[in-house]
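Taking it in order: structure first as structure tokens, then the write-up.
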Protein chains: 2
Amino acid sequence: MKTKAEVPIEKAAPILKLLGDKTRLTMVALLAEGECCVCEFTEIFNMSQPSISQHLRKLRDAGAVLEERRGQWVFYSLNKENELYPLVESLISQLPSQKEKLEDLERSGNRIVWCGTRR
Amino acid sequence: MKTKAEVPIEKAAPILKLLGDKTRLTMVALLAEGECCVCEFTEIFNMSQPSISQHLRKLRDAGAVLEERRGQWVFYSLNKENELYPLVESLISQLPSQKEKLEDLERSGNRIVWCGTRR
DNA sequence: TTGACATATAACTATTTACTTATATTATAA
DNA sequence: TTATAATATAAGTAAATAGTTATATGTCAA
């Protein structure tokens, strides 16, 4: 088993604070299932699109997620290269899977897959 | 190896928020080494005594720590019975040991041990 | 019972936070 | 081109946060 890396408290506290928000914590748990684009989050959370974008920006500024534009969509994914990823991953592993929320999206025809149309 | 318990996001987010503060995160890391009383925290953190008490109250209200009065002192300890303890413990395990801070206290004669005098 | 120490609470304040609405930007499609 | 869809940014606001100082409470010892 891989030994857990030590994270200085000065770095751990800000990422915990960031994930100490229900919306952002759910976001990273969703991203653990695979990449998502903004409109999917907007569909999942009962919240305005700017609010979603602002949460994602915070996650990106902290290095927790990566963004990649593809056509009109911007896809977000967990940044596994980030030095804090092991900490984030260990947290996610203790949360319930959010797969269901994505399956609901699929059923309602609002899941974006990169081919790149709604399906 | 014990399987990690799943923690609903509604419960995980608030405790992460609580620990997303450098002072409180350091407090729980210190408590992982053993119980501490308020005056020890006051000595360790460059911060007023009311501020320390307020942080400890938040940790207590969340069920993360226990308090026990012994004479004029109030000792705090990690609440290992709390349902969120496994999550807290897994976080602490990724932080550097805070033993040194306690050893500094001992050297400066400000460590309280329950016998109950300063040593 | 009085003084000193340890801790908690109250009241206040500056800062941060998480939303909102309005608007700008960017890409695609008609 | 122009309209539309997806996303980002700006500006404003109410609520939460973390600190402060002042004061109250509780314990012990002289």
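Because the structure is a prediction, the values reported are computed rather than measured. Just so we're on the same page: letters track the sequence lines, and every chain starts at 1.
- The shortest distance between the side-chain N/O atoms of B/Lys17 and the OP1/OP2 oxygens of D/dT17 is below 4.0 Å.
- Of the listed nucleotides (D/dG19, D/dA5, C/dT7), D/dG19 has the atom at the smallest distance from the side chain of B/Thr23.
- For the pair A/Leu31 and A/Phe41, the minimum side-chain heavy-atom distance is below 4.5 Å.
- Among the heavy atoms of the strands lying under 4.0 Å from B/Arg24 are primed sugar atoms or P, OP1, OP2 only; no base atom is included.
- Checking D/dT9, C/dA8, C/dA6 against the side-chain heavy atoms of B/Cys39 singles out C/dA6 as nearest.
- Contact annotation: side chain of A/Gln49 to base of D/dA6, donor-acceptor pair absent below 3.5 Å.
- Applying the 3.5 Å distance criterion, the base of D/dT20 shares a donor-acceptor pair with the side chain of B/Gln54.
- Applying the 4.0 Å criterion to OP1 and OP2 of C/dA18, one finds that A/Lys22 has every side-chain N and O outside that range.
- Phosphate contact (OP1/OP2 of C/dT9, side-chain N/O of B/Arg57, threshold under 4.0 Å): present.
- Note on B/Tyr76: every side-chain N or O is 4.0 Å or more away from OP1 and OP2 of C/dA6.
- Atom-to-atom, CZ of A/Arg60 to C1' of D/dT9 comes out at 12 Å; the value is rounded to the nearest Å.
- A/Arg70 comes within contact range of no nucleotide atom at all, as no heavy-atom separation falls under 4.0 Å.
- Salt-bridge formation is not detected for the pair B/Glu33/B/Lys101: no Lys NZ or Arg NE/NH1/NH2 atom is positioned less than 4.0 Å from an Asp or Glu carboxylate oxygen.
- The separation between B/Leu56 atom CG and D/dG19 atom C1' is 15 Å, rounded to whole Å.
- At D/dG19, one or more side-chain N or O atoms of B/Ser51 fall inside 4.0 Å of OP1 or OP2 (strictly under the cut-off).
- Of the charged side-chain nitrogens involved, at least one lies within less than 4.0 Å of a carboxylate oxygen, so that A/Arg107 and A/Asp104 count as a salt-bridged pair.
- Going from atom CD of A/Glu40 over to atom C1' of D/dT7 covers 14 Å, rounded to whole Å.
- Contact annotation for B/Glu67: backbone-only contact, meaning every heavy-atom pair under 4.0 Å involves sugar-phosphate atoms and none involves a base.
- The two residues B/Gly63 and B/Asn79 have their closest heavy-atom pair at O-ND2, 2.9 Å.
- Spacing between atom NZ of B/Lys58 and atom C1' of D/dA18 amounts to 6 Å, rounded to whole angstrom units.
- To the nearest angstrom, P of C/dA8 lies 12 Å from CZ of B/Phe75.
- At the phosphate of D/dT17, neither OP1 nor OP2 sits under 4.0 Å from any side-chain N or O atom of B/His55.
- Taking the side chain as every heavy atom from C-beta outward, B/Val7 and B/Ile15 never approach each other to under 4.5 Å.
- Going from atom CD1 of B/Ile52 over to atom P of D/dA18 covers 13 Å, rounded to whole Å.
- In this structure, A/Ser48 does not reach the C/dA22 phosphate: none of its side-chain N or O atoms is under 4.0 Å from OP1 or OP2.
- Using a 4.0 Å cut-off, no side-chain N or O of B/Arg69 falls inside it from OP1 or OP2 of C/dT7.
- Straight-line distance from the CH2 atom of B/Trp73 to the P atom of D/dT25: 23 Å, rounded to whole Å.
- Rounding to whole angstrom units, CD of residue B/Gln72 and P of C/dA6 are separated by 6 Å.
- No side-chain donor-acceptor contact under 3.5 Å links A/Glu106 to the backbone of A/Leu102.
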